[in-house]
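Values below: all heavy atoms of this structure, side chains included; hydrogens, waters and symmetry mates excluded.
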Amino acid sequence: MYTYRDILLYFPKYISLLSTKEYNLSDKEKIVFYGRLLTRPTLLSRSSIFFDFITDKKNVFRIISYNSYLKNILFLNKKYILTGTFYSYKKIVNLKKIFLFDEEKIKKPFPLYSLTSGLSQEYFRKIIAYVFSTKKIKNIIPDFFQKKYKLSNKSEILKKAHFPNNNNDILLVERYLKYEECLIFSVKNALSKFLLSKNNHKNIKKVISFLEIEKFVKKIGFFLTNSQQKAVKEILSDMNKNKIMLRLLQGDVGSGKTLVSIIALYGNFLRGEQGCLMAPTDALAQQHYETLKKIFKNTKIKIGLLVGKMTNKQKMTIKNDIFNKKIDILIGTHAVFSKIIEYNSLGLIVIDEQQRFGVDQRNQLIHKGNSADILLMSATPIPRTLALTIYGDIDITILKEFPFKEKKVITKIIKSNDDIIDRLIEKSIANKKQIYIIAPAIDSQNKDNVLDLFNKFLVKYPKKVTFLHGKMNYNDKVKSLKNFLSNKVPIMISTSIIEVGIDVPTANLMIIYDAINFGLSSLHQLRGRIGRNGEESFCLLVCDDENSKNERLKILENTNDGFLIAREDLRLRGSGELLGYKQSGLPEFRFVNIIDDEKIFEVSKKDAAFIINHIDMFKNEPILRIKK
Ligand code: ADP
Ligand code: MG
């Protein structure tokens with residue numbers, strides 16, 4: 001946390017002590033109990049203690065704590081509230097926090113912050129109270145709408161969030177923050193469109209010929225799906241208009257967005273202009289670079305790659321080549337828009353996985369005032385009507401079909417000692433196919449981690465294993481990825497860094513360790529990496545817990561529909577986490593989610609339109625100046 005704002009926006013989880021669960025606890029379930037100590041704390045080892053605890057509902061649990069000094073400050077028969085994790089195989093609770101019971105706390109929703117060790121709940125609450133006493137908090141929602149919807153002031157809302165008096169307070173907080181978030185987003189969206197409409201003229205040097213495009217597609221040997229054909233037509237006719245294009249191309253993982261953008265970039269080359277393709281990670285940029293090099297190998301198109309971690313010398317060469325038009329298409333991370341890069345004649349900007357860039361950067365591009373067409377691509381799996389509600393100020397094309405009629409990825413939940421792992425690995429290798437092995441961590445902070453798994457599999461499959469994670473240096477990443485892409489090395493062990501966009505058509509097996517550690521939408525994205533050429537493929541979800549939250553993973557066994565998965569994920573996570581949704585399927589959002597909040601999107605979109613249409617009335621409002 002760097003600022004007061006960070007502190008005030010650090011929300012707790014709320015625990016209602018009146019509805020704590022004590023039955024049918026699954027392994028590793030987080031619990032909150034209140035009740036009394038039934039036995040005195042006793043040393044279990046030098047650094048751990050245990051005691052028995054009887055809950056208000058008269059259930060007895062054995063509690064273990066690694067905080068042995070608690071021995072001296074917990075008292076028999078005194079009432080406490082405690083939180084912890086339940087372990088089913090030993091029938092114990094691993095203590096996390098313990099507080100003296102307080103009658104008032106029972107009635108109110110109880111805020112619990114996730115804090116680092118050494119920082120207590122009480123102390124953090126004091127910090128928050130201090131910030132409230134010194135800082136004035138301004139509304140971002142314009143007065144006009146504050147009044148219209150009878151909203152409290154933002155400062156009241158934030159106070160309720162940190163010191164709620166009842167459950168209704170939390171509902172008010174939620175409603176406020178969701179609306180505020182949606183309104184900011186909708187205003188930004190409407191603003192892009194507005195900025196473009198004021199100054200959206202572009203001079204077309206040359207109309208792109210559909211015939212030439214068809215010839216090109218034939219030459220590279222692809223038959224476009226109907227969806228792709230339609231998308232190409234829409235995009236090219238946008239490009240042929242003398243208005244700047246702002247179009248979102250949406251399609252689930254594997255629907256073939258890249259190819260559509262490549263065709264657009266080719267069209268852009270035909271009209272004599274430079275194009276750029278921006279990806280969210282080095283790895284994805286690198287891969288796009290390889291793909292485009294291959295596809296354009298028999299053309300005159302010159303392709304450049306620019307990523308953050310290149311040497312200054314390399315960057316200067318790129319910069320000069322771009323300026324002198326020795327490069328036709330530049331591929332890279334956000335570096336392709338760094339200040340040093342000056343295009344000779346930029347005609348088309350493609351932004352892959354746009355949800356990772358956010359609307360701010362997008363508006364910056366538009367602000368820069370170049371007259372390039374903009375194509376955004378996103379894999380967020382939402383239905384058309386919803387997409388229109390959310391992004392309605394942008395033109396949308398959706399790829400409904402997959403290049404292969406049916407994606408045959410078979411998903412199975414397995415145990416880590418299941419011999420199916422080696423059977424399938426051996427089969428894949430024998431068939432010259434590739435394999436992903438995914439772990440939730442890089443090193444020992446988790447039992448299943450990239451480096452340990454790398455060592456383990458290297459013993460079984462010498463020279464056949466490589467690895468990738470975010471903390472490697474750039475050259476090592478490129479080397480590892482290249483070895484895997486070219487199938488020199490068939491097994492890639494990686495964090496979820498490969499979740500976004502990586503395309504190895506012949507990969508037909510993915511093994512995800514400690515799968516429960518990932519969100520369902522992430523798992524869906526991950527398995528989107530295999531079976532890309534339509535061949536039968538396997539995704540093994542490793543989960544050693546017996547009766548645990550397998551229900552979540554089963555959804556993946558049963559369906560391949562990204563939207564359905566996002567929806568189920570939200571439903572199963574339920575409440576209690578309402579202010580902390582991370583994976584709503586729309587990574588730009590913190591509070592709203594695509595499932596429950598369509599109405600809020602609708603309202604905020606209308607309100608945003610009202611603001612833009614009455615810009616004079618709102619011109620001094622902070623909402624028009626928000627940057628994330
Ligand atoms: P995404 O939409 O997730 O970005 P990609 O563009 O990476 O998907 O495409 C997935 C895979 O399908 C790639 O290997 C790509 O070459 C292949 N592909 C795309 N379109 C077609 C097509 N019309 N015919 C055959 N293969 C295709
Ligand atoms: Mg992609």
Side-chain angles (χ1 to χ4, degrees), residues 1-11 128-163 169 172-199 246 355 357-369 389-394 579-581 584 586-593 597 599-628:
M1 293 180 208
Y2 297 98
T3 63
Y4 287 140
R5 187 167 169 265
D6 292 343
I7 291 173
L8 292 184
L9 293 183
Y10 194 70
F11 294 116
I128 291 174
Y130 170 78
V131 175
F132 274 121
S133 71
T134 53
K135 268 320 235 200
K136 253 191 95 173
I137 297 146
K138 289 195 206 109
N139 295 333
I140 294 172
I141 300 176
D143 278 350
F144 183 85
F145 296 108
Q146 287 270 147
K147 287 206 186 92
K148 180 172 173 191
Y149 301 123
K150 301 197 178 64
L151 302 171
S152 325
N153 281 319
K154 176 98 177 250
S155 68
E156 288 305 309
I157 289 293
L158 290 178
K159 270 187 198 142
K160 285 185 208 295
H162 292 287
F163 307 103
D169 276 356
L172 289 177
V173 172
E174 249 175 58
R175 174 168 168 252
Y176 189 97
L177 293 176
K178 284 181 174 192
Y179 174 66
E180 185 193 70
E181 178 168 62
C182 269
L183 189 65
I184 293 171
F185 176 80
S186 302
V187 165
K188 283 176 180 169
N189 255 335
L191 212 54
S192 333
K193 199 73 187 182
F194 176 72
L195 289 172
L196 275 180
S197 71
K198 276 208 319 199
N199 186 11
L246 177 58
Q355 71 276 16
F357 282 100
V359 66
D360 283 325
Q361 283 112 320
R362 195 163 79 215
N363 281 3
Q364 256 168 28
L365 284 184
I366 297 170
H367 261 301
K368 274 196 168 170
T389 312
I390 298 173
Y391 296 107
D393 296 296
I394 296 172
L579 289 177
Y581 278 128
S584 57
L586 287 179
E588 287 194 66
F589 297 105
R590 177 164 174 203
F591 304 117
V592 283
N593 69 70
D597 299 328
K599 277 266 145 38
I600 302 185
F601 279 116
E602 270 167 28
V603 170
S604 68
K605 193 177 141 194
K606 267 192 211 127
D607 294 345
F610 185 86
I611 291 174
I612 302 300
N613 288 333
H614 299 80
I615 199 91
D616 278 337
M617 177 175 152
F618 291 98
K619 66 174 183 287
N620 294 322
E621 290 283 351
I623 193 141
L624 290 170
R625 280 174 274 124
I626 292 282
K627 281 260 158 69
K628 264 199 186 147

#### Entry: Sub-4.5 Å side-chain heavy-atom contact between Tyr10 and Leu8
no
### Query
Considering only heavy atoms from C-beta outward, does the side chain of Arg590 approach that of Phe11 to under 4.5 Å?
yes
### Task
Any chance you could measure Asp169, atom CG, to Lys160, atom NZ, to the nearest 0.5 Å?
4.5 Å
### Query
Which residues satisfy the salt bridge (charged side-chain N to carboxylate O under 4.0 Å, His left out) test with Lys159, sequence neighbours excluded?
none
### Query
What distance separates Ile7 CD1 from Phe132 CZ, expressed to the nearest 0.5 Å?
10.5 Å
### Message
Please give me the minimum heavy-atom distance between Ile611 and Pro142, naming the atom from each residue.
### Response
CD1-CG, 4.2 Å
### Message
Students often mix this up, so state it plainly: with edges at 30° and 60°, are the rings of Phe601 and Phe185 parallel, tilted or perpendicular?
### Response
perpendicular
### Spatial distance of atom CG (Leu158) from atom CG (Leu9) [nearest 0.5 Å]
6.5 Å
### Within-4.5 Å side-chain heavy-atom neighbours: Ile141 and Tyr149
no
#### Entry: Check: Ile157 and Glu180 side chains under 4.5 Å, non-hydrogen atoms
no
### Task
Mind listing the closest non-hydrogen atom pair of Cys182 and Val592 along with its distance?
SG-CG1, 3.5 Å
Contacts under 3.5 angstrom, residues 615-623 side chains, donor-acceptor by atom type, not counting sequence neighbours:
none

### Query
Between Leu151 and Arg175, is any pair of side-chain heavy atoms under 4.5 Å apart?
yes
### Message
Could you tell me if the side chain of Asn139 sits less than 4.5 Å from the side chain of Phe145, heavy atoms only?
### Response
no
## Note on the structure
Residue set satisfying ring-ring contact (aromatic ring centres under 6.0 Å, His included) with Phe194, at least two apart, ordered chain then number -> none
### Query
Would a 4.5 Å heavy-atom cut-off, applied to side chains only, mark Glu602 and Lys599 as touching?
yes
### Message
Going by side chain to side chain donor-acceptor pair (under 3.5 Å), Tyr176 matches just one of Glu156, Gln146, Lys154. Which one?
### Response
Gln146
### Query
Can you tell me how far the CG atom of Asn189 sits from the CD1 atom of Ile184, to the nearest 0.5 Å?
12.5 Å
### Query
Taking C-beta and beyond as the side chain, do Ile137 and Tyr4 meet within less than 4.5 Å on heavy atoms?
no
### Query
What is the distance from atom OG of Ser604 to atom CD of Glu181, rounded to the nearest 0.5 Å?
10.0 Å
### Summary
Here the gap from Leu183 atom CG to Ile600 atom CD1, rounded to the nearest 0.5 Å, amounts to 11.5 Å
